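Here is the structure we will look at, set down as structure tokens.
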Amino acid sequence: MDRIIVKPSGPLYGDVEINGAKNSALKIMAACSLAEGTFHLMNVPDITDVRLMSELLVSLGMTVRENDTNSLEITNPGNLTAEAPYELVEKMRASIVVLGPLLARYGKARVALPGGDDFGPRPIDMHLRGLEMLGAKFASEHGYIDGHCERLRGSRIVLEFPSVGATENIMMAAVLADGTTIIENAAREPEIADLASFLNRMGASVLGAGTSTIVIEGVEKLGAVEHAVVPDRIEAATYLAAVGIAGGEINLIGARPDHMDMLCQKVGEMGMRISADSNGLWVMANKSLKAVDLATLPYPGIATDYKPFLVAMLAVSEGVGIVTENLFSGRFRYIDELIRMGADIRTEGHHAVIRGVENLSGAPVRAHDIRAGAALVVAALRAQGQTEIREPSHIDRGYENLVENLSSLGADISREN
Ligand code: UD1
């Protein structure tokens, strides 16, 4: 059984290179189904989810070659099989983003219905409603969504909530639709702007991505291009939290501070020092952090994906912090693991009340999902004795070299099997 072993560590010093964003790379890979030819993607993280998306592209009929480190060559020969099988969708929910591009390019798509995951049900009603507004028809049977359409037609779509996945699916379908599509209340995450810039390189006309209104002028045909994926703000937040918890001073090379405004503001209020420079982001913590209250919100608010790190920081801060989760109802499971490590946390509905303690206490714990698992790793830096994080495969879904990077900063951490 694989496990990560962490012993009390800190302060941390040094540099960490921030990889390309998982949540951008996966969607850009899916968008390669829109055009024939050979794509070159750079700054792609070497993580399990990227390997699963590669498998999905291969099952559709594409070839994926790993060239140099962090670079993929994806060849789309055309004539793809428009079906995403359950075996892959089950392992990675983000596979649903092939629905829009396959429909737009092939007029049909069969995609297994993703189930819930560790933080509760994750419906796809907004994806389907948006694509229906463009002219697609769906039937659901035997656990699959079957979609078909003639050429899609542009439309004005108002999203009920700024869903990241729905915005991306609709955007990838609308680029090949007839006429103009306007997505109102679109999600504004930097990864959406990155996907739009990739689509525009391919020959699409997408304006306003990164704002609440995206205007897409459909084109007849797109082409294969090269693109470097935007840096991962969630990975950067992980190392930032490690310093908040263990103390020290590190440089997050390549991080995009402009994508992390609210987070930087919050951890600044907690007492961390942060500065943007030409290399990325410099972060420092030389004293105990002060507790703050916070609520997760769609971008540019505090990302729900940052929350496990902020909860771990609050667990060892001075005072009481209240954290409110506004995106995913069940995203508090890892808190039971932090409690096993001596954290003083009570949850009530979508709120958590965290009373800071001086130190945590090392214990065997389980990584439930990518970010929750990584949060347990950084929390363990302030736990007396040894913490054993089981099922690190969840962490591998989203991190390249988490253990090696923390170790190079001076953490006492290793992986065993
Ligand atoms: C993406 C990210 C995930 C992040 C989340 C929110 C990827 C691979 N994952 O997930 O890491 O935590 O954005 O920033 O990029 N919803 C519906 N119906 C829908 C779609 C969504 O009710 O059709 C709800 C969801 O249940 C959730 C909320 O909307 O409560 C936000 O979900 P969404 O923004 O779509 O998240 P994902 O794209 O799944």
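Residue indices begin at 1 and follow the sequence shown. Order of listing sets the numbers, starting from 1, for every ligand and every atom in it. Note that the structure is predicted; figures quoted are calculated from it, not measured.
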Please say whether F161 places an N or O atom under 3.5 Å from an N or O atom belonging to ligand 1. no
May I ask you to say whether D336 pairs ionically with R366, meaning some side-chain N is under 4.0 Å from a carboxylate O? no
When rounded to the nearest 0.5 angstrom, what distance separates CH2 in W282 from CD1 in I250? 11.0 Å
Report yes or no: does a heavy atom of K27 sit under 4.0 Å from some atom of ligand 1? yes
Is the closest heavy atom of P123 to ligand 1 under 4.0 Å? yes
Applying a 4.0 Å heavy-atom criterion (strictly less than), which segment of T304 is in contact with ligand 1: side chain, backbone, both, or neither? side chain
Give a yes or no on whether a salt bridge exists between E269 and K266, defined as a side-chain N under 4.0 angstrom from a carboxylate O. yes
A166 contact mode with ligand 1 (heavy-atom cut-off under 4.0 Å): neither
Going by distance only, is there an N or O of D125 that falls short of 3.5 Å from an N or O of ligand 1? yes
Judged on heavy-atom distance to atom 16 (N) of ligand 1, which of M126, H127, M53 sits nearest? M126
Per-atom filter on ligand 1: closer than 4.0 angstrom to a heavy atom of G165 are 35 (O), 38 (O)
Mark up the atoms of ligand 1 that fall under 4.0 Å of a heavy atom belonging to L327, in ascending order. 6 (C), 27 (C), 30 (O)
State plainly whether the residues R233 and E191 are in salt-bridge range, i.e. N to O under 4.0 Å. yes
With a 4.0 Å cut-off on heavy atoms, is R93 touching ligand 1? yes
Considering the heavy atoms of A94, write down every atom of ligand 1 situated less than 4.0 Å from one of them. 8 (C)
Below 4.5 Å, heavy atoms only, C-beta onward: do I74 and T63 meet side chain to side chain? no
CE/M284 to CG/N251 distance, rounded to the nearest 0.5 angstrom? 11.5 Å
Below 3.5 angstrom, do we get any N/O pair linking K22 and ligand 1? no
List every atom of ligand 1 that sits less than 4.0 Å from any heavy atom of I124, numbering the atoms from 1 in the order shown and giving each element. 19 (C), 23 (O)
Report yes if the side chains of V353 and E348 come closer than 4.5 Å at any heavy-atom pair, otherwise no. no
Checking the N or O distance criterion of under 3.5 Å, is ligand 1 in contact with D305? yes
Under 3.5 Å between any N/O of L26 and any N/O of ligand 1: does that happen in this structure? no
Would you confirm whether R110, through its side chain, and T81, through its main-chain N or O, come within 3.5 Å as a donor-acceptor pair? no
Charged N to carboxylate O below 4.0 Å: is that the case for R51 and D46? yes
How are the rings of F39 and F198 set to each other: parallel, tilted or perpendicular (split at 30° and 60°)? tilted
